[in-house]
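In the text below, chain A, chain B and the rest are named by the order of the sequence lines, each starting its count at 1.
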There are 2 protein chains.
Amino acid sequence: MPSRRNRAPISTDLPPVDLGDRQAAILEAVVTRYIGTAQPVGSSHVAEAAELNLSTATIRTEMAQLEHEGYLTQPHTSAGRIPTDKGYRFFVDHLAKPGIADASQRRKVSSFFKAIEGEMEDVLERSSAMLADLTQYAAVVVAPGHGTSTVRSAQLVSLGATAALLLVVLTDGSVEKVTVDLGASVEEATIEAVSRHLQATLGGKSLHEALELEAHPAPEVAAVLATLEAPLRSLCAEADAEQVFVGGPSKLASAFDAVETVREVLSILEQQLVVVSLLRDVLESGLSVAIGHEHGYEPLSSCAVIVAPLSVDGTTSGAVGLLGPTRMQYPAALAAATAVSEELSDRLAGAGSGSTSTKVRHRG
Amino acid sequence: MPSRRNRAPISTDLPPVDLGDRQAAILEAVVTRYIGTAQPVGSSHVAEAAELNLSTATIRTEMAQLEHEGYLTQPHTSAGRIPTDKGYRFFVDHLAKPGIADASQRRKVSSFFKAIEGEMEDVLERSSAMLADLTQYAAVVVAPGHGTSTVRSAQLVSLGATAALLLVVLTDGSVEKVTVDLGASVEEATIEAVSRHLQATLGGKSLHEALELEAHPAPEVAAVLATLEAPLRSLCAEADAEQVFVGGPSKLASAFDAVETVREVLSILEQQLVVVSLLRDVLESGLSVAIGHEHGYEPLSSCAVIVAPLSVDGTTSGAVGLLGPTRMQYPAALAAATAVSEELSDRLAGAGSGSTSTKVRHRG
DNA sequence: CGCTAGCACTCCATCCTACAGAGTGCCAAG
DNA sequence: CTTGGCACTCTGTAGGATGGAGTGCTAGCG
């Protein structure tokens, strides 16, 4: 299923390429109303809403045409029309206007970010909750791993007879740790020697580089170092892993009427790996919105996904996502997700570079 | 709302104090069947299920009596009976038998815990997921804070011009950190001096004790220490805080039929503070099961809560909980929750004492 | 005296029918 | 090309009939 690109028209006013102006207007009316009411939309409603003084009869023929072209569908003969995925797609690409609501969304988002301070992890978690609250959809924040950061401090802390904690602080302020079973009892002095060795050899390197180091210290130290290799590897893997925060999944309960759908969607949200790869896929296909079957995850075919990349230093790493029914408030949701992704990108950039930490927190 | 105690009868065989043997048997039949089918239970079904060769007429009078006494209720005249909270309560206190299923539950739990290794946090999280999977209800694990542990290592790591990371390792292997804005640029040498000072003064003390220390080091060090006071305080608060892991909330979607209920319950599960205090309340009232209105949280009045304490060194701290509909598989759920709480208690005890770490993990 | 068979009764769920309403498609006329 | 008009279709709702599951009561039996 090849993905259609989200080519942004450059500041022309409503240039529907595939669809006549009138059909576009009608489609818009149907989509807008259906998003609001969740009821099939009949020609008379469209006649009222769209302001193209046309009779219902004319609108009916146009709607039939739109159905024929795959933008609309009928639940049954003699019911109103419902947008198809394709219909929503056209709406999102060509019709969704920035809207007035967006400004207020953006304002709320930015005031939230002005007020919040503290550890990055907190910020991420609370952002996802806030975004869910704001949009009334489930929000996902995937924060980049710390794979690119370098080691600021590394050490081994003894925890007991044969147990110890391998501890690494990275330049972005994150801390990675892993408990280690040393196998045999190790003297405190040796532990300290190992710590110094670690600090000296790992400092300033990224964890990946650190894995490839060859060094030949004193024999006791070397023995301990050997037992540290596997832990270091898992430490590295852990540092690379994205953090995922899912906010407000309960919002989805009221978004669908079939309880079975709710359950399916929720259980997918619980599998964070799936969510991450879903967002990644959507992002890689160049879309910011994936509707219904577009993303190819069948269990989520009644959902739309909005993704906004988190970009730090120009490269995108991580994402902000929203998951809702296909009849989603696209403009508002897009605006909110984008706003959050920008603010978070800023934060991440600020925290990442260490020395450029302009927005560091203080307070008790 | 005073809580009724869960007085455990001491090894007598089905001693219903408030209810005749026959009524008890009938109540049991109703509860069991209703839990299975979610349909009101009529006298004829009871006659089949309970093996007390009685006619439906007799059973009807008894059921009327049970309704009068508040154990059963009717959705409407001429429908079967449904257990009330009180009915479930009697069932749980006097009728629920260990059952055969429990053994298999316990086995699954213990094999899970044999297989799992790694950081405590992981174990806790995966335990909650496993418990949810096993029981098909939402599972909650509240792990105790680290307030009682003492400091194994404390230090300040510089992160940039004026930013630093205050880092404390506790004896139970947990790490607490907080980013600090030093206000002014501080020399690396001073940072190291502060680190040494922290290590010397905090080592071996609990974080609470550490807060009350008075020491008078060199002036530059003292200056930095002053800015550390607030961060230390929040570090302490953070260390005290319980960690909460909620597993499998999606299981609840199919447990209720009203989508509104699902949404309410889910949104409560998202507020971890509420969940923690709910579990605490139930635990403190001396119950291991709170049914319907018993726990006093109206939004959850259609739910039953099962709680099993986590006890480390004899004191209970933290808990394992299950949240499901009042028509819950009580015996199985209780068995599972208890099994998990015991295994987790063991783990926590093992990790907590440091030197007695019998079950430390190894492997790459 | 406890138990039971039998009966009258109630209420729900289901089915059918009728019907109004919302919607469509088509066509002939402007 | 548009539109008013018309015939048609389908759903949702309301009303009435019916059967079934269930109850409560009571008279009679062991």
Open item on the list: Could you tell me how far apart B/R22 (CZ) and C/dT4 (C1') are, to the nearest whole angstrom?
Closed with: 12 Å
TODO: Take atom NE2 of A/H68 as the centre, draw a 6.0 Å sphere, and report whether it contains more than 12 heavy atoms from other residues, nucleotides or ligands.
DONE: no
TODO: Select base, sugar-phosphate, or nothing to describe what A/S44 touches, counting heavy atoms under 4.0 Å on all strands.
DONE: sugar-phosphate
Open item on the list: Could you check whether any side-chain heavy atom of A/F91 comes within less than 4.5 Å of a side-chain heavy atom of A/P83, counting everything from C-beta outward?
Closed with: no
- [ ] Figure out the NE2/P separation between B/H76 and C/dC11, and round it to whole Å.
- [x] 9 Å
Open item on the list: Across nucleotides 15-21 of chain C, 5' to 3', mark each nucleotide with B, S or - according to how protein heavy atoms within less than 4.0 Å reach it.
Closed with: -------
Open item on the list: Just the rounded figure in Å: distance from P of D/dG4 to CG of A/N53.
Closed with: 11 Å
Task: Whole angstrom value for the distance that separates C1' of D/dC1 from CG of A/L52 - done: 15 Å
Open item on the list: From CD of A/E48 over to C1' of C/dG23, roughly how many Å is that when rounded to an integer?
Closed with: 14 Å
Task: Rounded interatomic separation in angstrom, taking OH from A/Y34 and C1' from C/dG23 - done: 16 Å
Open item on the list: When you compare the side chains of B/S254 and A/R263, does any donor N or O come within less than 3.5 Å of an acceptor on the partner?
Closed with: yes
Open item on the list: If only side-chain N and O atoms count, and only distance matters, is there a donor-acceptor pair under 3.5 Å linking B/S55 with B/T58?
Closed with: yes
Task: Donor-acceptor pair, side chain of A/H295 and main chain of A/L300, under 3.5 angstrom - done: yes
- [ ] Consider the side chain of A/H45, meaning its heavy atoms from C-beta on, and name the nucleotide among D/dT3, C/dG23, C/dC11 that approaches it most closely.
- [x] C/dG23
Open item on the list: With a 4.0 Å limit, can you tell me whether B/R81 has a side-chain N or O closer than that to the phosphate oxygens OP1/OP2 of D/dG22?
Closed with: no
Open item on the list: Rounded at 0.5 Å granularity, tell me how far CG in B/L269 sits from SG in B/C303.
Closed with: 8.0 Å
- [ ] Please work out if A/S43 contacts a base, only the sugar-phosphate, or nothing of the nucleic acid, heavy-atom cut-off 4.0 Å.
- [x] sugar-phosphate
Open item on the list: Strictly below 4.0 Å, N to O, side chains only: are A/R89 and A/D93 in salt-bridge contact?
Closed with: yes
Task: Any donor-acceptor pair under 3.5 Å from B/R81 side chain to B/Y71 backbone - done: no
Task: Members of residues 57-71 of chain B that approach DNA chain C, where some heavy atom sits under 4.0 Å away - done: B/A57, B/T58, B/R60
Open item on the list: Looking at A/S250, is its backbone amide N or carbonyl O close enough to the side chain of B/E270 to form a donor-acceptor pair, meaning the two atoms are under 3.5 Å apart?
Closed with: yes
- [ ] Would you please confirm or rule out a distance under 4.0 Å between OP1 or OP2 of C/dT4 and any side-chain N or O of B/S55?
- [x] yes
Open item on the list: Taking the nucleotide of DNA chain C with the nearest heavy atom to each, does B/L54 or A/Q74 sit closer to the 5' end?
Closed with: B/L54
